[in-house]
Chemist: 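What follows is a single structure, and I will ask about it in a moment.
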Protein chains: 2
Amino acid sequence: MRHPTRHADALDQVLELVVSLNADMEQSLTRDGLTTSRAHLMWALLHRGPSTQRALAEALQVSARNVTGLVDGLVDTGFVTREPHPDDRRATLVTFTRRGARVAKRLQAGQRQLAELLFGRMSDRRFAGFVAGLGDVLTTLRRELEADAQKRPS
Amino acid sequence: MRHPTRHADALDQVLELVVSLNADMEQSLTRDGLTTSRAHLMWALLHRGPSTQRALAEALQVSARNVTGLVDGLVDTGFVTREPHPDDRRATLVTFTRRGARVAKRLQAGQRQLAELLFGRMSDRRFAGFVAGLGDVLTTLRRELEADAQKRPS
DNA sequence: TATTGTTATACTCTATAACTATA
DNA sequence: TATAGTTATAGAGTATAACAATA
């Protein structure tokens, strides 16, 4: 604990990063007619292809009820449809519309652009230093969350 | 744009950091009987001392109506009280209860502990490298948000 | 019996607009 | 006339519990 203030200041900067990054992404999602939660669902759908709501609930770590609401919203705004599941008449397959697929790919492209904006002009040394530290922080944080999950099993 | 994939991977890690940090902080807030938004208000109150709701609305960048709701919640759960403003009978001074002040200080202490957890065991070199990169990223992001704010003036 | 998704209900955060009391 | 805060209203995200249809 040699420089507690510097550590606290660094955390403040990380928290500013969190806030600003959220603000930036939310702004561009709003332009596309999406909310953060709905965009997460779109993202999951992009990576998994047509999925049951149950699968999406697990992917997003939210309740089945919540997925019903998110899909309702995305259906109303024309991003996805509910298609019958071929083998299971209880289930539906949430599927992109043409527009939904187009917007999802745009989200992906926007993500890459953001990465270039943030890191593209950094020197290799600077970038490497940042990534190394980031890795350490993430490892510590993952371990902490895991330990905490052990203590209070869901 | 020499290593676009590495940049995208780094952004993925930053986003994981955002998610994990939120999860970790929310967990400990829940233990204290607080939500994220209410904790932000507590934080503002800790730094400003007894404040009018108007001042809190500006500090938190939310609507006056929203502050009414947040303060309602914090009053119900015993963290703050509404005291009459000495000079202006329209206004109230949102003020910590003893318990509220205690919890707010615990939040502050928890923040410092988190900083130590994340950075305390990093080598000086590693820490310096991370902070340098973080500074660059923040500068870029601030500039971007400002430019965006220019384009669509609120 | 177990699973998928919906209805019913409730709480939190957020916003705008109209209104009350005071300045 | 302007300001501080509340009421009225609305929409989004979140949860649990009860239920229908299907497996």
Side-chain angles (χ1 to χ4, degrees), chain A residues 19 22-23 25-27 29-30 32-45 48 50-77 79-95 152 154, chain B residues 19 22-23 25-27 29-30 32-45 48 50-77 79-95 152 154:
Chain A
V19 169
N22 266 327
M25 294 194 305
E26 198 173 326
Q27 239 176 18
L29 289 177
T30 299
D32 282 325
L34 285 169
T35 63
T36 305
S37 299
R38 289 179 192 175
H40 283 161
L41 196 152
M42 299 271 283
W43 199 255
L45 210 51
R48 291 157 178 269
S51 308
T52 64
Q53 296 188 185
R54 168 66 58 197
L56 292 171
E58 274 172 31
L60 303 180
Q61 296 269 285
V62 300
S63 68
R65 176 61 184 89
N66 195 2
V67 171
T68 298
L70 295 174
V71 173
D72 283 351
L74 288 167
V75 168
D76 287 350
T77 47
F79 290 100
V80 306
T81 58
R82 285 184 169 99
E83 302 297 328
H85 191 294
D87 309 339
D88 186 341
R89 287 196 302 174
R90 292 170 307 178
T92 66
L93 283 180
V94 181
T95 310
R152 51 199 84 250
S154 60
Chain B
V19 169
N22 266 328
M25 296 193 305
E26 199 173 325
Q27 240 175 17
L29 288 178
T30 300
D32 282 325
L34 285 169
T35 63
T36 304
S37 298
R38 290 178 192 175
H40 282 159
L41 196 153
M42 300 270 283
W43 199 255
L45 211 52
R48 293 158 178 267
S51 307
T52 64
Q53 296 188 186
R54 169 65 59 197
L56 292 171
E58 274 172 31
L60 303 179
Q61 294 270 285
V62 300
S63 69
R65 177 61 184 92
N66 195 2
V67 171
T68 297
L70 296 175
V71 172
D72 284 350
L74 288 167
V75 168
D76 287 349
T77 49
F79 290 100
V80 305
T81 57
R82 286 184 169 101
E83 301 298 329
H85 191 292
D87 309 339
D88 186 340
R89 288 195 303 176
R90 293 170 305 178
T92 66
L93 282 180
V94 181
T95 310
R152 52 198 82 251
S154 58

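Just so it is clear: chains get the letters A, B, ... in the order the sequence lines come, proteins before strands, and each one is counted from 1.
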Chemist: Is a salt bridge present between D72(B) and R82(B), judged by a nitrogen-to-oxygen distance below 4.0 Å?
Modeler: yes
Chemist: List the steps and the verdict of side chain to side chain contact (heavy atoms under 4.5 Å, CB included) for H85(B) and T52(B).
Modeler: CA-CA 8 Å; H85(B) 191 292; T52(B) 64; 3.9 Å; yes
Chemist: Can you find a heavy atom in the side chain of L41(B) that is under 4.5 Å from one in the side chain of L56(B)?
Modeler: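 Yes, close enough: below the 4.5 Å cut-off.
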Chemist: Please state how far atom CG in D72(B) lies from atom P in dT6(D), giving the value in whole angstrom units.
Modeler: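 After rounding, the gap between these two atoms is 7 Å.
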Chemist: With a 4.0 Å cut-off on heavy atoms, is T68(B) in touch with a base, just the backbone sugar-phosphate, or nothing at all?
Modeler: base
Chemist: Would you say L45(A) and S51(A) make side-chain contact, with heavy atoms under 4.5 Å?
Modeler: yes
Chemist: Applying a 4.0 Å non-hydrogen cut-off, can you work out what T92(B) is touching in the nucleic acid: base, sugar-phosphate, or nothing?
Modeler: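 Result for T92(B) = sugar-phosphate.
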Chemist: Any side-chain to backbone donor/acceptor pair from T95(B) onto L93(B)? Under 3.5 Å, distance only.
Modeler: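 Flag set: sc T95(B) to bb L93(B) pair under 3.5 Å.
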Chemist: Using a cut-off of 4.0 Å between protein heavy atoms and nucleotide atoms, how would you tag nucleotides 15-23 of chain D 5' to 3' with B, S and -?
Modeler: BB----BBS
Chemist: Take the protein atom CD of E26(A) and the nucleotide atom P of dT14(C), then report the distance between them rounded to whole Å.
Modeler: 10 Å
Chemist: As a quick check of understanding, evaluate side chain to side chain contact (heavy atoms under 4.5 Å, CB included) for M42(A) and F79(A), giving each step before the final call.
Modeler: CA-CA 8 Å; M42(A) 299 271 283; F79(A) 290 100; 3.7 Å; yes
Chemist: Is any side-chain nitrogen or oxygen of R54(B) closer than 4.0 Å to OP1 or OP2 of dT6(D)?
Modeler: no
Chemist: When you measure from the side chain of D32(B) to the backbone of L34(B), do you find a donor-acceptor pair of N or O atoms at a distance under 3.5 Å?
Modeler: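 No, because the side chain of D32(B) does not come within donor-acceptor range (under 3.5 Å) of the backbone of L34(B).
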Chemist: Distance check needed: dA12(D) P versus L41(A) CG, whole Å only.
Modeler: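 Spelled out: CG on L41(A) to P on dA12(D) is 15 Å.
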Chemist: Starting at NE2 of H85(A) and ending at C1' of dT6(C), how long is that distance when rounded to a whole Å?
Modeler: 18 Å
Chemist: Of R38(A) and R82(B), whose closest DNA chain D nucleotide lies nearer the 5' terminus?
Modeler: R82(B)
Chemist: Just how far, in rounded Å, is C1' of dT4(C) from CG of L56(A)?
Modeler: 13 Å
Chemist: Could you tell me the separation between the CG atom of L70(A) and the P atom of dG11(D), rounded to a whole number of Å?
Modeler: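 L70(A) atom CG is separated from dG11(D) atom P by 17 Å.
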Chemist: With respect to the phosphate group of dT14(C), does any side-chain polar atom (N or O) of S37(B) fall under 4.0 Å of OP1 or OP2?
Modeler: yes
Chemist: Could you check whether T52(A) gets within reach of a base, just the sugar-phosphate, or nothing at all, counting any heavy atom under 4.0 Å?
Modeler: sugar-phosphate
Chemist: In whole angstrom, give the distance that lies between atom CD of E58(A) and atom C1' of dT3(C).
Modeler: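 Whole-Å distance recorded here is 12 Å.
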Chemist: Mind calculating the distance between CG (L34(A)) and C1' (dA12(D)) to the nearest angstrom?
Modeler: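 Roughly 13 Å, once rounded to whole Å.
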